[in-house]
Peer 1: 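The structure under discussion is supplied below as structure tokens; questions concerning it will follow.
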Amino acid sequence: IKPFMKEFGINYPIALGDLNLVNSYGGITTIPTTFIIDKQGRLAARYERLVAKSTYVNEIKKLL
């Protein structure tokens, strides 16, 4: 994961999930599924489809 993060300039935490982590946030029924987690570890947003980068940016800005 670290080489991928470096190559694409990812400077935010990434979780390498297992089944327990996935189930903690409601499971995955489609790919891609993206979870945006707030600073307290709570689910802030969930997308079960491909969405525009701007959607993620707007969700994250709300949490900052």
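Side chains included, hydrogens not; waters and symmetry mates left out as well; all remaining heavy atoms used. Sequential numbering from 1 along the given sequence is applied to the chain's residues. Small disclaimer: the values here were computed from a predicted structure and weren't measured.
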Peer 1: Can you pull out every salt bridge (charged side-chain N to carboxylate O under 4.0 Å, His left out) where at least one residue sits in residues 1-10? Sequence neighbours excluded, please.
Peer 2: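 Qualifying pairs, neighbours excluded: none.
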Peer 1: Pair up each side-chain donor or acceptor in residues 25-32 with any protein partner under 3.5 Å, not counting sequence neighbours, and list the distances.
Peer 2:
{"from": "Y25", "atom 1": "OH", "to": "G41", "atom 2": "O", "distance (Å)": "2.6"}
{"from": "T29", "atom 1": "OG1", "to": "E48", "atom 2": "OE2", "distance (Å)": "3.4"}
{"from": "T30", "atom 1": "OG1", "to": "E48", "atom 2": "O", "distance (Å)": "3.1"}

Peer 1: Tell me, which pairs form a salt bridge (charged side-chain N to carboxylate O under 4.0 Å, His left out) where one or both residues lie in residues 49-61, sequence neighbours left out?
Peer 2: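 The answer is E59-K62.
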Peer 1: Which hydrophobic side chains are connected to L64, either touching it within the sub-4.5 Å cutoff or through other members that do?
Peer 2: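 Hydrophobic cluster check, L64: joined to I36, Y47, V51, Y56, I60, L63.
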Peer 1: Test: salt bridge (charged side-chain N to carboxylate O under 4.0 Å, His left out). Region: residues 24-39. Which pairs qualify, not counting sequence neighbours?
Peer 2: D38-R42
Peer 1: Let me check something: any side-chain donor-acceptor pairs from residues 12-24 under 3.5 Å, sequence neighbours excluded? List them with distances.
Peer 2:
{"from": "D18", "atom 1": "OD1", "to": "N20", "atom 2": "N", "distance (Å)": "3.2"}
{"from": "D18", "atom 1": "OD1", "to": "L21", "atom 2": "N", "distance (Å)": "2.9"}
{"from": "N23", "atom 1": "ND2", "to": "L19", "atom 2": "O", "distance (Å)": "3.2"}
{"from": "S24", "atom 1": "OG", "to": "N20", "atom 2": "O", "distance (Å)": "2.9"}

